[in-house]
A.B. asks: 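Have a look at this one.
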Amino acid sequence: MAPNETDDTTTAGEVEEPRAGRRRAARYIVPVTVMGVAAATIGLVPALADSGDPDLPDITAAQLIEKIAQSDVERLSGTVKITTDLGLPDLGGLESGLLSGAAGGEDGEGGSSADPSGRLTELASGTHTLRVAADGPDRQKLSLLENAAEYSLIHNGKDVWGYDSASNEVYHATVDEADTKERSAQRPPATPKDFAEEALKAVDDTTSVKVDGTAQVAGRDAYRLVVEPKQSGCTVGAISIAVDHETGMPLKFTLTPAGGGSAVVDVGFTKVSFDRPDASTFRFTPPKGAKVTEDTEQDRAHGGFGGKPERGPKSEEDLAKGLDGLRMLGEGWNTVATFDTGTGAGLPTEEAGGDLGGFLGSLGDQVKGDFGKGTVFSTRLVNALITEDGTVYVGTVTKDALVKAAEAGK
């Protein structure tokens, strides 16, 4: 019988629990920015299936999580559609500028439009279509399809190429095995598997996990795994992962927040094949007349794509090294990260900051409590509070829960 609805619910006690620091920190390293603070999670949309639900053998949530963990797909090709709608204000490019700046993009003077350090942050906003291909750890290709143009990032052995067809610019770097693993750990998530791995790190005793029927995604039979916070005050509604019946690979990953409405993040394959891609897929020669930017020692010193970047945060301790006095308040999905900006002052007031202070104040809600005064900046998923003394509180919690966390943290 197909598990159209199961009562099987599992928590962290029934699956192998990751290190607490890594699990809690995982909520803050997906590339979505709120005033320069990155954070995101994924959730559920009702219409996951793209055709009739297939009849598959029963499976428990713990077994399905294990199936994902044991998935060893290394060869594939396909098309991925990704939509992100955080509900940030439409400020004529400010949103994309914040995202690019937070990721260290170099679209400004002296940069290359083919440099991948900034281009992939575009996935954090709007709807995009990607073509993806992989043949083991040494050959991958990701192409971002745009209006009458295409941006491609190609890894083939020691060579990494970025190509922007709109500007006819090329970015080239060489990497060794250590560089490749490091960069792979830091690149923004772009496929359902990427998002699923991050989300499953967040599973703990405050989480309900169950198998909720089956689906067909990109013509393949899949199980539907649903992850839901048990706590109130969280902005995350639920997480739904469509897991390929044969390979255990996540095929679709979508989100609606606790407040309802359209998906905050919806990413899934529309076409997929697990056959080996043709070797020509990963070959690249700069087109005639293209401007080629080679990776340099200066790029390496600043953690450029071809260099050896500083390690991405993998634990609360690692995060604390890059932020002044990082602490985690609360537990589970209601965890709030807090740190000092190091300036000793929060956002400029309208009186002190003139037009800038008034503009920034108009984007947020003024609040006060035992912590003093501050401004809350909200998206459909992540809320951030910046107090008048320069302390930041951020989490996937409601505004009221964030204010309470700030009061308790003082």
Side-chain angles (χ1 to χ4, degrees), residues 21 24-41 86-89 91 94-95 97-99 101-103 124 229 231-236 257-259 313 315-410:
R24 299 172 77 196
R27 306 182 201 280
Y28 299 96
I29 60 175
V30 181
V32 179
T33 301
V34 181
M35 297 305 291
V37 180
T41 45
L86 278 173
L88 294 176
L91 300 173
L94 176 61
E95 176 181 342
L98 286 171
L99 293 167
Q231 300 163 300
S232 61
C234 181
T235 55
V236 178
S315 67
E316 290 178 29
E317 291 76 16
D318 290 333
L319 281 168
K321 292 177 182 178
L323 299 172
D324 188 1
L326 176 76
R327 292 182 295 146
M328 297 293 186
L329 308 175
E331 64 176 356
W333 294 86
N334 286 1
T335 299
V336 171
T338 179
F339 56 91
D340 192 341
T341 59
T343 64
L347 295 172
T349 63
E350 185 169 1
E351 293 77 11
D355 291 341
L356 175 61
F359 172 72
L360 293 175
S362 69
L363 298 180
D365 296 328
Q366 305 305 306
V367 295
K368 60 182 178 180
D370 293 343
F371 55 84
K373 297 180 180 179
T375 303
V376 173
F377 297 91
S378 300
T379 71
R380 300 176 65 209
L381 197 64
V382 181
N383 287 317
L385 165 63
I386 304 179
T387 67
E388 58 186 354
D389 66 357
T391 304
V392 176
Y393 299 86
V394 61
T396 52
V397 297
T398 63
K399 182 177 73 172
D400 290 343
L402 189 63
V403 170
K404 290 180 180 178
E407 291 178 331
K410 282 296 183 179

A.B. asks: Using modelled atom types only, decide if a donor and an acceptor are shared between the side chain of Gln366 and the backbone of Thr375 within a distance under 3.5 Å.
C.D. replies: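 No, Gln366 side chain to Thr375 backbone: no donor-acceptor pair under 3.5 Å.
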A.B. asks: Residues two or more places apart in sequence or in another chain: which of them pass salt bridge (Lys or Arg N to Asp or Glu O under 4.0 Å) with Lys399?
C.D. replies: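 Listed in chain order: Asp365.
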A.B. asks: Return the CG to SG distance between Asn334 and Cys234, rounded to the nearest 0.5 Å.
C.D. replies: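 SG of Cys234 is found 5.5 Å from CG of Asn334.
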A.B. asks: Specify the closest pair of heavy atoms between Gly372 and Glu388, including all atoms of both residues, with the distance to one decimal.
C.D. replies: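 Reported closest heavy-atom pair: CA-OE2, 3.9 Å.
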A.B. asks: Within the 3.5 Å criterion, strictly below it, is a donor on Asp389 or Thr387 matched to an acceptor on the partner's side chain?
C.D. replies: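 Short answer, yes.
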A.B. asks: Let me confirm one number: the CZ-OH distance from Phe371 to Tyr393, rounded to the nearest 0.5 Å.
C.D. replies: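 Spacing of CZ (Phe371) from OH (Tyr393) equals 8.0 Å.
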A.B. asks: How long is the span from the CG atom in Leu326 to the OG1 atom in Thr338, to the nearest 0.5 Å?
C.D. replies: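 One gets 8.0 Å once the value is rounded to the nearest 0.5 Å.
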A.B. asks: Might you point out which heavy atoms bring Asp340 and Gly390 nearest each other, and give the distance in Å?
C.D. replies: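 Smallest heavy-atom distance, with atoms named: OD1-O, 3.5 Å.
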A.B. asks: Could you go step by step and tell me if Val367 and Leu385 meet the side-chain contact (heavy atoms from CB on, under 4.5 Å) rule?
C.D. replies: CA-CA 9 Å; Val367 295; Leu385 165 63; 3.7 Å; yes
A.B. asks: Please check this pair: side chain of Thr396 against backbone of Val382, looking for a donor-acceptor N/O pair closer than 3.5 Å.
C.D. replies: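 Here the side-chain-to-backbone pair does not exist.
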A.B. asks: Is a side-chain donor or acceptor of Asn383 paired with a backbone partner of Val397 at a separation under 3.5 angstrom?
C.D. replies: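 Yes.
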A.B. asks: Of all heavy-atom pairs between Pro257 and Leu381, which one has the smallest distance, and what is that distance?
C.D. replies: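 Taking Pro257 first and Leu381 second, the nearest heavy atoms are CB-CD1, 4.4 Å.
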A.B. asks: What distance separates Phe339 CZ from Thr391 OG1, expressed to the nearest 0.5 Å?
C.D. replies: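 Answer for the CZ-OG1 pair, Phe339 versus Thr391, is 9.5 Å.
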A.B. asks: Run the numbers on Thr235 and Thr398 for side-chain contact (heavy atoms from CB on, under 4.5 Å), then give the verdict.
C.D. replies: CA-CA 6 Å; Thr235 55; Thr398 63; 4.3 Å; yes
A.B. asks: Checking the side chain of Glu407 only, and the main-chain atoms of Leu402 only, is there a donor and an acceptor separated by less than 3.5 Å?
C.D. replies: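 Side chain of Glu407 to backbone of Leu402, a donor-acceptor pair under 3.5 Å: no, none is there.
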